[in-house]
Chemist: 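The structure that follows is given in the form of structure tokens.
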There are 2 protein chains.
Amino acid sequence: MNIKIGELARRTECQVGTIRYYEKEGLLPEPTRSGGNYRLYGEAHIERLQFIRHCRSLDMTLSEVRALQRYQDTPDQDCDEIKVLVDEHIHQVEVRIEELSQLKQHLVALLSKCSGVRTVGSCGILQGLSDCTCLLVSTDDSPTS
Amino acid sequence: MNIKIGELARRTECQVGTIRYYEKEGLLPEPTRSGGNYRLYGEAHIERLQFIRHCRSLDMTLSEVRALQRYQDTPDQDCDEIKVLVDEHIHQVEVRIEELSQLKQHLVALLSKCSGVRTVGSCGILQGLSDCTCLLVSTDDSPTS
DNA sequence: TACAGACCCTCTAGTTACTATAGAGTCAAG
DNA sequence: CTTGACTCTATAGTAACTAGAGGGTCTGTA
């Protein structure tokens, strides 16, 4: 079918530069080239790229994508490890949600420190950021990842 | 008081490299130097650094921190803009939480695609990642229970 | 006085997943 | 034969650090 990179980009809603980046990173196999050195892609490339983009839309890292691709290449293997990988990814997402919820609580508490007085010097928010009072809402503080 | 960078790092639970980085970025004023060219910090530096670290623990960017620092330097100004900044930051956090919650739903749905068969080839998770079926859970899809 | 070890210095490169640019080449239509 | 859309490679930039190389400083001990 032999489409050029721009067409592939349109079909997958992916930027041209991103496609070349995936190739450089070994996530997308090198396509054949035209006489004028243009990349020429086929069906397999479209599917492979869509796979990557779906994984990315699920917030997976490229190294997680690489791991899943290795499983794709060995279809007779036990699928337990894939489930473990997805499970762990779900866990990471849950942890991040929890962190952000705590964070939001801290921020709301911080906002309430504004005394209603109208100047920066007496506002309480900056004071709350200078001492620890803005961080006393929750049990443990976990810096972000 | 004149403490060296290692002591400052210990007191603020911040890495030495990070302190030098903040200085380079203009977030922390350049300290005086000893005869041997060592950085020598005082109380003001400790407070300033703690301020930065608290902001960072609230997931603020360094450019948000810079903005807040500018307010610190003009205590007679109206504090509304600070509230706006914090408000916007809270909003960003809320948006991210919502995104991650959707994401988690997608991932859980993906996990349920595993047919129970034990090989990668028939697992359904990789298939779900190749086509779009793992992304169909979203917004207005309410299965009955 | 010599030396070990802890600390400090600057500078550079690496991290993640791209995005954006520069400067050049290719190709089809007018 | 030129214009314009497209492509190529290579490089630098993003955020907020972290790690390392290769050196200097300082203090305590032999």
Side-chain angles (χ1 to χ4, degrees), chain A residues 2-28 30-41 45 48-69 89 92-93 96 99 103 142-145, chain B residues 2-28 30-41 45 48-69 89 92-93 96 99 103:
Chain A
N2 281 355
I3 57 174
K4 282 182 285 182
I5 199 167
E7 177 64 16
L8 178 62
R10 258 186 303 281
R11 293 206 198 181
T12 54
E13 295 176 74
C14 179
Q15 296 227 26
V16 167
T18 305
I19 296 173
R20 287 197 275 247
Y21 172 72
Y22 289 158
E23 180 183 326
K24 191 161 59 96
E25 291 298 303
L27 287 148
L28 208 52
E30 290 187 23
T32 58
R33 296 283 181 136
S34 73
N37 201 32
Y38 287 8
R39 289 172 178 82
L40 295 177
Y41 297 96
H45 290 101
R48 194 86 165 185
L49 181 51
Q50 270 166 348
F51 181 87
I52 300 170
R53 296 307 289 172
H54 286 152
C55 291
R56 292 289 302 131
S57 78
L58 294 171
D59 225 19
M60 291 180 186
T61 64
L62 293 186
S63 107
E64 286 176 307
V65 177
R66 251 184 288 267
L68 287 173
Q69 284 185 340
H89 188 65
Q92 286 168 29
V93 171
R96 187 68 186 136
E99 282 173 4
L103 237 168
S142 38
T144 62
S145 55
Chain B
N2 281 355
I3 57 173
K4 282 180 285 180
I5 199 167
E7 178 64 17
L8 178 62
R10 259 186 302 279
R11 293 205 200 182
T12 54
E13 293 176 75
C14 179
Q15 296 226 27
V16 166
T18 305
I19 296 173
R20 287 196 276 246
Y21 172 73
Y22 289 158
E23 180 183 325
K24 191 161 59 98
E25 292 297 302
L27 287 148
L28 210 52
E30 291 188 23
T32 56
R33 298 282 183 136
S34 73
N37 200 32
Y38 287 9
R39 289 172 177 82
L40 295 177
Y41 297 96
H45 289 101
R48 194 88 167 185
L49 182 52
Q50 270 167 347
F51 180 87
I52 300 169
R53 296 309 289 172
H54 285 152
C55 292
R56 293 289 301 130
S57 79
L58 293 171
D59 225 19
M60 291 178 185
T61 64
L62 293 186
S63 106
E64 286 177 307
V65 177
R66 252 185 287 267
L68 287 173
Q69 284 185 340
H89 188 65
Q92 286 166 31
V93 171
R96 189 65 186 140
E99 283 172 3
L103 236 168

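Reminder, nothing fancy here: chain letters follow the sequence lines and each chain counts from 1.
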Chemist: Side chain to side chain contact (heavy atoms under 4.5 Å, CB included) for A:K4 and A:L40? Distances and angles first, verdict last.
Modeler: CA-CA 5 Å; A:K4 282 182 285 182; A:L40 295 177; 4.0 Å; yes
Chemist: Using five pairs at each end of the helix from C:dT1-D:dA30 to C:dG30-D:dC1 to define an axis, what is the angle between those two axes, to 10°?
Modeler: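 The two end axes of the helix from C:dT1-D:dA30 to C:dG30-D:dC1 meet at 40°.
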Chemist: Could you give the NZ-to-P distance, from B:K4 to D:dG24, as a whole number of Å?
Modeler: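 Distance, rounded to whole Å: 18 Å.
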Chemist: Using the heavy-atom set of chain A and a strict 4.0 Å cut-off, write down the first and last nucleotide of DNA chain C that makes it in, 5' to 3'.
Modeler: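 Result: C:dA17 to C:dC27.
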Chemist: With sequence neighbours excluded, tell me which residues meet ring-ring contact (aromatic ring centres under 6.0 Å, His included) with B:H45.
Modeler: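 Once residues adjacent in sequence are excluded, the partners of B:H45 under the ring-ring contact (aromatic ring centres under 6.0 Å, His included) criterion are B:Y41.
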Chemist: Could you pull out all residues at least two apart from A:R66 that satisfy side-chain hydrogen bond (donor to acceptor under 3.5 Å, both in side chains)?
Modeler: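 A:R66 satisfies side-chain hydrogen bond (donor to acceptor under 3.5 Å, both in side chains) with no residue once adjacent residues are dropped.
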Chemist: When you check the phosphate oxygens OP1 and OP2 of D:dT25, does a side-chain N or O of B:R33 lie under 4.0 Å from one of them?
Modeler: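 For B:R33, the contact criterion (side-chain N or O under 4.0 Å from OP1 or OP2 of D:dT25) is not met.
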Chemist: So, is A:R39 near the phosphate of D:dC8, with a side-chain N or O under 4.0 Å from OP1 or OP2?
Modeler: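 Answer yes for this pair, as a side-chain N or O of A:R39 is under 4.0 Å from OP1 or OP2.
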Chemist: Nearest 0.5 Å, what's the CG-OG1 distance between B:N2 and B:T32?
Modeler: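 Here the rounded value is 5.5 Å.
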Chemist: What residues, two or more places apart in sequence or in another chain, satisfy salt bridge (Lys or Arg N to Asp or Glu O under 4.0 Å) together with A:R48?
Modeler: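 Residues passing salt bridge (Lys or Arg N to Asp or Glu O under 4.0 Å) with A:R48: A:D73.
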Chemist: Take B:I52 and A:V16, find for each the nucleotide of DNA chain D with the closest heavy atom, and name the residue whose nucleotide sits nearer the 5' end.
Modeler: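 Checking each residue's closest nucleotide, the 5'-ward one belongs to A:V16.
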Chemist: Quick one: label A:E25 by what it contacts on the DNA or RNA (base, sugar-phosphate, nothing), any heavy atom closer than 4.0 Å.
Modeler: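 No contact.
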Chemist: Answer with base, sugar-phosphate or nothing: what part of the nucleic acid does A:R53 contact at a heavy-atom distance below 4.0 Å?
Modeler: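 Counting heavy atoms under 4.0 Å across all strands, the contact made by A:R53 is with sugar-phosphate only.
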Chemist: Would you mind telling me which of D:dC6, D:dT9, D:dC17 lies closest to the side-chain atoms of A:Y38?
Modeler: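 Nearest nucleotide to the side chain: D:dC6.
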Chemist: From NZ of B:K24 over to P of D:dC17, roughly how many Å is that when rounded to an integer?
Modeler: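 Taking NZ of B:K24 and P of D:dC17, I get 12 Å after rounding.
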Chemist: For A:R66 and B:N37, find the nucleotide of DNA chain C closest to each by heavy atoms; which residue's nucleotide sits nearer the 5' end?
Modeler: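 Checking each residue's closest nucleotide, the 5'-ward one belongs to B:N37.
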Chemist: Rounded to whole angstrom units, what separation is found between the CE atom of B:M60 and the P atom of D:dC17?
Modeler: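 Value for this atom pair: 14 Å.
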Chemist: Could you tell me the separation between the OH atom of B:Y21 and the P atom of D:dA15, rounded to a whole number of Å?
Modeler: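 About 8 Å, once rounded to whole Å.
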Chemist: Could you pull out the closest heavy-atom pair between B:R56 and B:M60, with the gap in Å?
Modeler: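 Looking at all heavy atoms of both residues, the closest pair is NH1-O, 2.5 Å.
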Chemist: When you match B:R10 and B:E23 each to their closest nucleotide on DNA chain C, which lands nearer the 5' end?
Modeler: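 The residue closer to the strand's 5' end, by nearest nucleotide, is B:R10.
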Chemist: Write down the distance between CD1 (B:I5) and P (D:dT18), rounded to a whole number of angstrom.
Modeler: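 The answer, rounded to whole Å, is 13 Å.
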Chemist: Taking the nucleotide of DNA chain D with the closest heavy atom to each, which residue, B:T61 or B:S34, is nearer the 5' end?
Modeler: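 The residue mapped nearer the 5' terminus is B:T61.
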Chemist: Looking at SG of A:C55 and CD of A:Q69, how far apart are the two atoms once the value is rounded to the nearest 0.5 Å?
Modeler: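 If we round to the nearest 0.5 Å, A:C55:SG and A:Q69:CD are 8.0 Å apart.
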Chemist: At what distance, to the nearest 0.5 angstrom, does CG of B:L49 lie from CZ of B:R11?
Modeler: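 Going from the CG atom of B:L49 to the CZ atom of B:R11 covers 12.0 Å.
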Chemist: Would you kindly give the CD-to-P distance between B:Q15 and D:dG20, to the nearest whole Å?
Modeler: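 To the nearest whole Å, that distance equals 12 Å.
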Chemist: Only pairs under 3.5 Å count here: list side-chain donor-acceptor contacts from residues 15-26 of chain A, not counting sequence neighbours, and write none if there are none.
Modeler:
from, atom 1, to, atom 2, distance (Å)
A:Y22, OH, A:R53, NH1, 2.7
A:E23, OE1, A:R39, NE, 2.8

Chemist: Could you state the atom-to-atom distance from CD1 of A:I3 to C1' of D:dT7 in whole Å?
Modeler: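 Taking atom C1' of D:dT7 as the reference, CD1 of A:I3 is at 14 Å.
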Chemist: Could you check how far CD1 of B:I19 sits from P of D:dA16, rounded to whole Å?
Modeler: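 B:I19 atom CD1 is separated from D:dA16 atom P by 17 Å.
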Chemist: Counting only side-chain nitrogens and oxygens, does B:R20 get under 4.0 Å of the OP1 or OP2 atom of D:dA19?
Modeler: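 Checking D:dA19 against B:R20, no side-chain N or O comes under 4.0 Å of OP1 or OP2.
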Chemist: Give a yes or no on whether a salt bridge exists between B:R10 and B:E7, defined as a side-chain N under 4.0 angstrom from a carboxylate O.
Modeler: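 Counted as a salt bridge, because a side-chain N and a carboxylate O are separated by less than 4.0 Å.
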